[in-house]
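Numbering of ligands and ligand atoms starts at 1, following listing order. Just so it is clear, the structure is predicted and the values come from calculations on it, not from any experiment.
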Amino acid sequence: MPDDAICARCDEHHECGDLAKTTRRRREAIDGSDYGYWVIDCQGRLLDINDTYARQSGFPRSELLRMTIMDLDACDDLGALRCHLETIRRIGHGVFDTVHRRKDGSLWPVHVAAFADPRHGANIFVFLTDLTERNREKEAQRIAAVVFESGEATVVTDADQKILQVNRQFTQITGYAAAEVIGKTPKMLQSGRHDDAFYASMWQSILGMGQWRGEVWDRRKNGEIYPKWLTVSAVKDQDGNTTHYIGSFQDVSERKKNEARIRELAFHDQLTGLANRALLFDRLTNMISMSARAEEYLAVILIDLDQFKMLNDTRGHDVGDRLLKTIASRLRASVRACDVVARLGGDEFVVGMTTSAAERNNARTQAAAVCEKIRRAITDPVELEGAPFCTTASIGVSLFQGGRITMDDALKQADLAMYRAKSAGRNAVRFFSPEMEAKITQRVRLETELREAIDREQFVLHYQLQFDTNDKPIGAEALLRWRHPDRGLIPPSEFIPLAEEIGLISRIGRLALRSACAQLAAWAANPVTEFLTISVNVSAKEFHEEEFVDHVLVTLAESSANPARLEIELTEGAMAHDVESLVLKMRSLHERGVRFSLDDFGTGYSSLMLLKRLPISRIKIDQSFVRDILVDESNAALVKSILSLGRALDVNVIAEGVETPEQRDFLARSGCRNFQGFYFSRPEEIESVETMLIRRSIPYSADDVQGR
Ligand code: C2E
Ligand code: MG
Ligand code: MG
């Protein structure tokens with residue numbers, strides 16, 4: 001019992017029967033209250049404190065009873081505190097918020113309500129409320145308000161979906177101010193893009209799981225439809241009843257645009273906007289699986305512009321790009337929207353189309369019609385730098401039923417067919433056929449084997465002797481054979497053109513030249529053969545190589561062969577271009593003694609002017625004229641004029657392909673003095689040729705050799 005307990009009846013400090021009981025109850029109520037309670041005197045000294053305050057402040061009562069409010073109040077402004085006390089004393093009451101310091105030094109917010117009761121002298125009764133919890137709630141509310149305004153666009157509805165609150169972001173994105181939407185439902189935002197089933201499933205999820213998340217297309221106030229990423233959450237009370245719904249969302253139109261742009265970059269050709277390889281494969285895969293179901297044919301059309309590189313090189317890339325763009329849009333316009341048009345790079349385009357035909361011929365007819373349309377669209381002149389430019393394309397088509405071949409194979413087939421179109425003279429359409437593939441496979445195999453053949457030294461020279469009018473050998477033509485491990489001897493017609501095409505001809509030519517020079521050197525040591533010449537065939541490509549002359553001279557030197565016994569056979573093709581370098585090269589070799597003959601004369605285009613300038617020792621009448629010489633008068637006349645040309649130019653003439661004595665006699669009568677052909681001897685291995693030469697055992701001498 002506090003010492004200052006005052007009797008309500010007599011105002012004395014004492015205890016009496018009832019009073020004691022009342023006082024005790026009152027005391028218990030004060031101590032058990034949620035509020036802190038003080039009695040202070042006019043100096044601010046604490047006269048009484050309840051248990052609640054002692055507990056809240058951490059000070060024992062005994063200690064508190066020795067303290068003043070100045071010790072407990074942690075307010076910086078003691079003047080303000082005094083002012084509060086003064087007001088209370090003057091008007092009898094006062095309220096204010098302050099901060100108290102606990103025994104452990106920590107601070108706690110306190111609401112003070114004080115009364116001065118004149119009946120109790122200058123004492124003041126103070127009720128103190130701990131504000132910690134209230135402040136915390138206030139803080140939480142403040143934070144929630146900030147979060148509400150600073151997070152995603154948010155809309156809060158009641159359980160009936162009536163909008164209660166929206167934030168600034170909501171207004172920013174939708175264009176609606178809060179006042180325009182409050183009281184309405186979010187349905188007002190719908191764009192009409194989604195059907196009822198969409199919203200039904202959304203609500204099923206919200207009602208069942210308390211939440212839905214996904215993309216929704218809504219309409220802004222200005223009518224614009226836009227995508228948003230929306231989360232709708234149900235807010236429930238303690239009993240599990242939904243009290244509110246919160247919808248928060250972001251405008252994802254920008255992000256979608258960026259994604260679309262990235263997709264565009266990843267799947268489209270930058271220059272023309274057509275599909276790129278990745279998208280082509282994707283679309284073709286779909287088309288293949290669809291056409292597989294319907295068993296319909298599909299066409300993959302590969303289009304390669306002819307001579308595009310030349311345009312690019314001569315008129316610049318800008319002009320080239322403009323042509324590609326025009327072609328791209330013409331291609332697009334030539335096919336249906338469901339067909340795919342792609343640019344694979346450079347001047348190569350692909351069209352993938354489904355035909356509506358399950359029968360190959362019908363499908364082919366349809367595809368051919370489209371190809372023709374494409375071909376014409378490309379040949380239409382294009383306006384480039386103010387002038388019309390004409391281009392063409394070579395088109396290859398692979399026609400197949402979905403599921404029968406892979407896409408890679410379809411493209412390969414179209415590619416092979418396209419090359420066929422190119423070699424058929426360009427500006428053409430070719431469909432792939434299995435025979436085409438067989439030929440290509442064969443060619444690829446041949447190419448590989450040809451490369452190996454060089455390393456494995458599978459080439460051998462056969463020699464065909466040449467004769468004069470006395471049937472005496474005057475020399476031999478070296479003719480190359482490929483001794484193939486499985487196929488036996490392969491004639492040059494089967495590998496020389498390929499070797500020229502793939503750049504192997506020089507290596508092969510060098511082998512032939514080295515072998516022929518070695519043979520010349522060997523023959524030089526034998527009186528039977530020392531006067532014989534050896535003619536070596538040199539292809540135009542080989543001859544025009546920079547280091548050809550040096551190579552011939554080095555080979556001659558290394559073999560110690562007599563240059564005067566070496567004859568190089570060139571065809572008229574070698575004279576077709578770079579005449580100046582041709583003349584220089586021939587002259588520099590001729591100066592060292594090497595002779596030249598013009599092979600297959602009459603089949604190409606030689607100018608008489610050029611013939612006069614070149615150091616040519618011999619013209620070889622092509623075997624095609626000799627073959628019909630007895631039956632075809634024009635051939636006979638032609639042969640005669642070649643012979644008189646030889647006489648006029650003072651050049652020796654030899655007839656090739658002489659197969660019969662009649663041909664030989666006719667030629668001899670016409671003034672031909674040298675012959676080569678099966679009638680005399682076939683091309684043979686060196687051993688057979690030498691055996692034959694020895695068997696004839698005529699000691700040939702330079703004087704015996706006529707017409708040289
Ligand atoms: P070519 O230089 O006109 O060679 C003559 C061709 O006619 C040879 O064919 C020869 O075997 C053939 N022949 C000779 N006499 C007769 C005959 O009476 N009747 C018929 N029907 N044919 C006859 P081959 O050996 O098949 O050579 C074909 C061509 O290959 C040569 O034509 C030549 O252009 C080229 N060639 C041969 N060897 C080489 C070489 O080492 N390098 C280069 N670049 N080409 C070569
Ligand atoms: Mg020849
Ligand atoms: Mg010939």
Side-chain angles (χ1 to χ4, degrees), residues 450 453-454 457-467 473 475-483 488-519 533-545 548 551-552 555 566-574 595-604 606 616-630 639 642 653-664 666-667 672 674-686 688-689:
L450 195 57
I454 297 175
E457 299 183 351
Q458 290 172 353
F459 294 102
V460 60
L461 284 180
H462 279 195
Y463 293 88
Q464 185 178 30
L465 290 169
Q466 299 160 326
F467 295 85
E477 177 173 9
L479 294 159
L480 200 62
R481 268 88 184 108
W482 173 6
R483 213 192 303 250
L489 276 193
I490 300 181
S493 54
E494 283 187 33
F495 64 88
I496 293 281
L498 178 65
E500 286 177 345
E501 203 180 307
I502 63 176
L504 286 182
I505 191 62
S506 322
R507 290 182 65 194
I508 294 176
R510 284 173 190 210
L511 290 177
L513 184 70
R514 200 175 322 129
S515 173
C517 287
Q519 194 55 57
T533 57
I534 291 184
S535 326
V536 176
N537 292 282
V538 170
S539 76
K541 254 201 172 150
E542 199 182 338
F543 185 83
H544 283 290
E545 281 192 353
F548 179 75
H551 174 69
V552 174
T555 310
L566 177 67
E567 186 172 281
I568 288 177
E569 291 196 7
L570 292 175
T571 56
E572 288 164 291
R595 286 192 257 184
F596 286 95
S597 64
L598 193 50
D599 205 354
D600 305 343
F601 187 75
T603 56
S606 305
I616 289 172
S617 315
R618 190 143 64 152
I619 289 173
K620 299 187 79 174
I621 303 174
D622 189 66
Q623 54 180 270
S624 57
F625 304 122
V626 175
R627 192 178 305 129
D628 300 332
I629 200 168
L630 298 171
V639 168
I642 295 174
V653 178
I654 183 169
E656 282 189 290
V658 182
E659 293 184 350
T660 64
E662 292 79 15
Q663 288 170 341
R664 180 221 172 264
F666 181 91
L667 285 160
C672 185
N674 291 160
F675 313 95
Q676 179 182 345
F678 293 171
Y679 168 66
F680 296 92
S681 77
R682 288 181 176 260
E684 305 270 8
E685 288 174 357
I686 187 65
S688 315
V689 174

If you measure every N or O of Asn537 against every N or O of ligand 1, does any of those distances drop under 3.5 Å?
yes

Heavy-atom protein neighbour under 4.0 angstrom from atom 22 (N) of ligand 1
yes

Look at atom 19 (N) of ligand 1 and say which protein heavy atom is nearest, naming residue and atom and giving the distance to 0.1 Å.
Glu659 OE2, 2.4 Å

Applying a 4.0 Å heavy-atom criterion (strictly less than), which segment of Arg627 is in contact with ligand 1: side chain, backbone, both, or neither?
neither

Backbone, side chain, both or neither: what part of Asp600 comes under 4.0 angstrom of ligand 1, heavy atoms only?
side chain

One finds that the ligand 1 atoms under 4.0 Å from a non-hydrogen atom of Glu569 are 2 (O)

Any atoms of ligand 1 less than 4.0 Å from a non-hydrogen atom of Gly677? List them with their elements.
15 (N), 18 (O)

Could you see which bit of Asp599 sits under 4.0 Å from ligand 1, with heavy atoms only: side chain, backbone, both or neither?
side chain

Is any side-chain heavy atom of Asn537 closer than 4.5 Å to a side-chain heavy atom of Glu477?
yes

Location of contacts on Pro683 toward ligand 1, heavy atoms closer than 4.0 Å:
side chain

Out of Gln663, Gln464, Glu656, indicate the one that has the non-hydrogen atom closest to atom 5 (C) of ligand 1.
Glu656

If you have a sec, work out which protein heavy atom is nearest atom 10 (C) of ligand 1 and how many Å separate them, to one decimal?
Leu479 CD1, 3.8 Å

Under 2.8 Å from the Mg ion (ligand 3) - does any N, O or S atom of Asp622 fall there?
no

Does a donor on one side chain and an acceptor on the other come within less than 3.5 Å for Thr533 and Glu567?
no

Please state which part of Arg682 comes within less than 4.0 Å of ligand 1, counting heavy atoms only: side chain, backbone, both or neither.
neither

Look at atom 44 (N) of ligand 1 and say which protein heavy atom is nearest, naming residue and atom and giving the distance to 0.1 Å.
Ser539 N, 3.4 Å

Rounded to 10°, how many degrees is the angle OE2/Glu477-the Mg ion (ligand 2)-OE1/Glu569?
90°

Anything under 30° is parallel, anything over 60° is perpendicular, the rest tilted; go ahead and classify Phe495 against Phe459.
tilted

With nothing but distance in play, are any N or O atoms of Glu500 less than 3.5 Å from an N or O of ligand 1?
no

Looking at Leu511, is its backbone amide N or carbonyl O close enough to the side chain of Ser515 to form a donor-acceptor pair, meaning the two atoms are under 3.5 Å apart?
no

Looking at Asp600, the N, O or S atom sitting nearest the Mg ion (ligand 3) is OD1

Side chain, backbone, both or neither: which applies to Lys620 and ligand 1 if a contact is any heavy-atom pair less than 4.0 Å apart?
neither

Ring-face cation contact, Phe675 with Arg664, 6.0 Å cut, 45° max
yes

Check whether any heavy atom of Ser493 sits under 4.0 Å from an atom of ligand 1.
no

So is Phe678 polar-close to ligand 1, meaning N/O to N/O under 3.5 Å?
yes

Consider only side-chain N and O atoms of Gln466 and Gln676, and report whether a donor and an acceptor are under 3.5 Å apart.
yes

May I ask you to check whether Phe548 and Phe543 place their ring centres under 6.0 Å from each other?
yes

N/O of Leu480 under 3.5 Å from N/O of ligand 1, yes or no?
yes

Could you tell me the residue and atom name of the protein heavy atom closest to atom 24 (P) of ligand 1, and the distance to it rounded to 0.1 Å?
Pro492 CG, 3.7 Å

Is there at least one pair of N or O atoms, one from Gln676 and one from ligand 1, spaced under 3.5 Å apart?
no

Looking only at heavy atoms of Gly509, does any of them come nearer than 4.0 Å to an atom of ligand 1?
no

Do you know which N/O/S atom name in Asp599 is closest to the Mg ion (ligand 2)?
OD2

In this structure, atom 6 (C) of ligand 1 is nearest to the protein heavy atom Gln623 NE2, 3.8 Å

Non-hydrogen atoms of Arg481 versus ligand 1: any pair closer than 4.0 Å?
yes

